Amino acid sequence: MREKIVAANWKMNKDLTEGLQLVSDLVESLKGKKIACEVIMAPPFIHLSGAAERLKETDIVLAAQNIAKEENGAFTGEVSAQMIASTGAKCVIIGHSERRAYYGENGAVLHEKLLRAISEGLRPIFCVGEQLNEREAGKHFDVVSNQLTEAFNAIGADKIAQMIIAYEPVWAIGTGKTASPEIAEEMHAHIRSFLKERYGESVAQKMPILYGGSCNGSNAVSLFSQPNIDGGLIGGASLAVEKFMPIIEAWDQVHK
Ligand code: PGA
């Protein structure tokens, strides 16, 4: 059986006090509860060490939202994979569409970031997804295949096998326009068959593929019930415990 995951992507939200309060609130809400999925939390960099402290006695996994592609040195403003790992974070989001669109991160840059993360033992949550015009032109499968091909490049199957993939159609992110379970499932199945072709059946079957884009407490059960959807990468709805908990608890209602 594949891992089931609900991951929070806070993006650039919450000051230090608010952020650490949110971590504590989530820890409190999960205390003593038997939950059916893994929970990952990706706050901004400045929250990482404080969050790690609060998450110590819990199963919640800490993640960063980005890393430098360089190892270390004169790169003002950047944060290295090694620095992130030293906080206790175990995962890192790479290739989010906002990084691609606003910071010019292309396949070559993302490839370097993936290598850097893996070499420091950080598990990448690698994001792919098409824009609305690409879907309307019928190019969505090709766009996603190309994003995977460029960023994975010559990375071996053993390393690919350590990753998490998130399908996030750009037109669904923060817009309230969730992809229907059928549309999402179709792409998730496409990604799994891409993985099977390139890296073999076992990598493909093991890979958690998360859906992201206006996922919330009302649509999570129908999305997570799809055979190839293994959880969600949650933006807006991860910023308040009362919105995030129903997404985690959605897994209680999914039997597959
Ligand atoms: P959203 O963001 O849930 O606010 O649509 C998801 C994401 O961008 O990871």
Side-chain angles (χ1 to χ4, degrees), residues 4-14 18-19 22 26 37-45 47-48 51 60-67 89 91-105 110 113-114 117 122-132 134-135 140 143-144 147-148 151 163-181 183-185 187-188 191 208-224 226 229-251:
K4 302 174 173 119
I5 297 172
V6 172
N9 173 13
W10 292 8
K11 310 192 181 186
M12 197 171 72
N13 292 294
K14 306 282 180 193
E18 295 164 343
L22 178 53
L26 186 66
C37 64
E38 293 164 52
V39 177
I40 301 176
M41 180 190 280
F45 289 133
H47 299 75
L48 287 175
I60 301 172
V61 173
L62 191 60
Q65 297 175 19
N66 183 29
I67 51 167
C91 298
V92 58
I93 299 173
I94 294 180
H96 192 280
S97 62
E98 288 149 17
R99 302 285 329 162
R100 294 175 190 264
Y102 308 143
Y103 303 96
E105 295 189 4
L110 298 176
K113 291 192 173 197
L114 285 174
L122 290 173
R123 186 180 192 188
I125 302 171
F126 183 66
C127 304
V128 293
E130 81 286 356
Q131 318 241 8
L132 184 58
E134 293 167 330
R135 176 164 283 271
H140 43 294
V143 167
V144 167
Q147 288 172 339
L148 292 168
M163 298 190 194
I164 297 168
I165 292 177
Y167 168 57
E168 300 204 305
V170 179
W171 46 270
I173 295 177
T175 58
K177 279 198 215 158
T178 323
S180 68
I183 284 185
E185 168 60 20
M187 183 60 86
H188 283 232
I191 294 169
I209 307 179
L210 313 184
Y211 168 79
S214 302
C215 183
N216 58 42
S218 315
N219 55 36
V221 174
S222 58
L223 285 160
F224 299 171
Q226 299 299 313
I229 300 184
D230 307 309
L233 179 56
I234 319 297
S238 73
L239 294 172
V241 169
E242 62 278 14
K243 290 189 179 157
F244 192 50
M245 279 302 288
I247 305 177
I248 295 172
E249 287 167 343
W251 274 114

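Scope of the values below: all heavy atoms of this structure, side chains included, with no hydrogens, waters or symmetry mates. Note that the structure is a prediction, hence the values are computed from the model and not measured. All ligand and atom numbering here is 1-based and tracks the order in the structure.
In terms of N/O distances under 3.5 Å, ligand 1 is not approached by Gly213. For Ser214, a nitrogen or oxygen atom sits less than 3.5 Å from a nitrogen or oxygen atom of ligand 1, counting backbone and side chain alike. Geometrically, ligand 1 and Ala237 share no nitrogen or oxygen pair separated by less than 3.5 Å. Ligand 1 has no nitrogen or oxygen under 3.5 angstrom from a nitrogen or oxygen of Cys215.
In terms of modelled atom types and a separation under 3.5 Å, the side chain of Asn9 and the main chain of Gly235 share no donor-acceptor contact. Panel note: side chain Lys14, backbone Leu239; a donor-acceptor pair is recorded below 3.5 Å. The main-chain N or O of Ser222 is never found under 3.5 Å from a side-chain atom of Asn219 such that the two would form a donor-acceptor pair.
At a 4.0 Å heavy-atom cut-off, ligand 1 touches Ile173 through backbone and side chain alike.
A pairwise comparison of heavy atoms in Asn13 and Pro44 identifies O-CG, 3.7 Å as the closest pair.
Relative ring orientation between Trp251 and Phe224 is described as parallel, the plane-to-plane angle staying below 30° on a 0-90° scale split at 30° and 60°.
Short contacts between ligand 1 and His96, defined as distances under 4.0 Å to a heavy atom of the residue, involve ligand atoms 7 (C), 8 (O), 9 (O). Taking a cut-off of under 4.0 Å to the non-hydrogen atoms of Gly174, the atoms of ligand 1 that pass are 1 (P), 4 (O), 5 (O). Those atoms of ligand 1 that come under 4.0 Å of a heavy atom in Asn9, given as number and element, are 9 (O).
Residues Pro43 and Leu62 meet the side-chain proximity criterion, which asks for heavy atoms closer than 4.5 Å. By the 4.5 Å heavy-atom criterion applied to side chains, Arg135 and Val143 are not counted as neighbours.
Summary of contacts: the protein heavy atom closest to atom 2 (O) of ligand 1 is Lys11 NZ, 3.3 Å. When only non-hydrogen protein atoms are considered, atom 7 (C) of ligand 1 lies nearest to Glu168 OE2, 3.1 Å. The nearest heavy-atom contact from the protein to atom 3 (O) of ligand 1 is Gly235 N, 2.9 Å. Distance from atom 4 (O) of ligand 1 to its nearest protein heavy atom, with residue and atom name: Gly236 N, 2.8 Å.
Checked by atom type, the side-chain pair Gln65/His96 shows no donor-acceptor distance below 3.5 Å.
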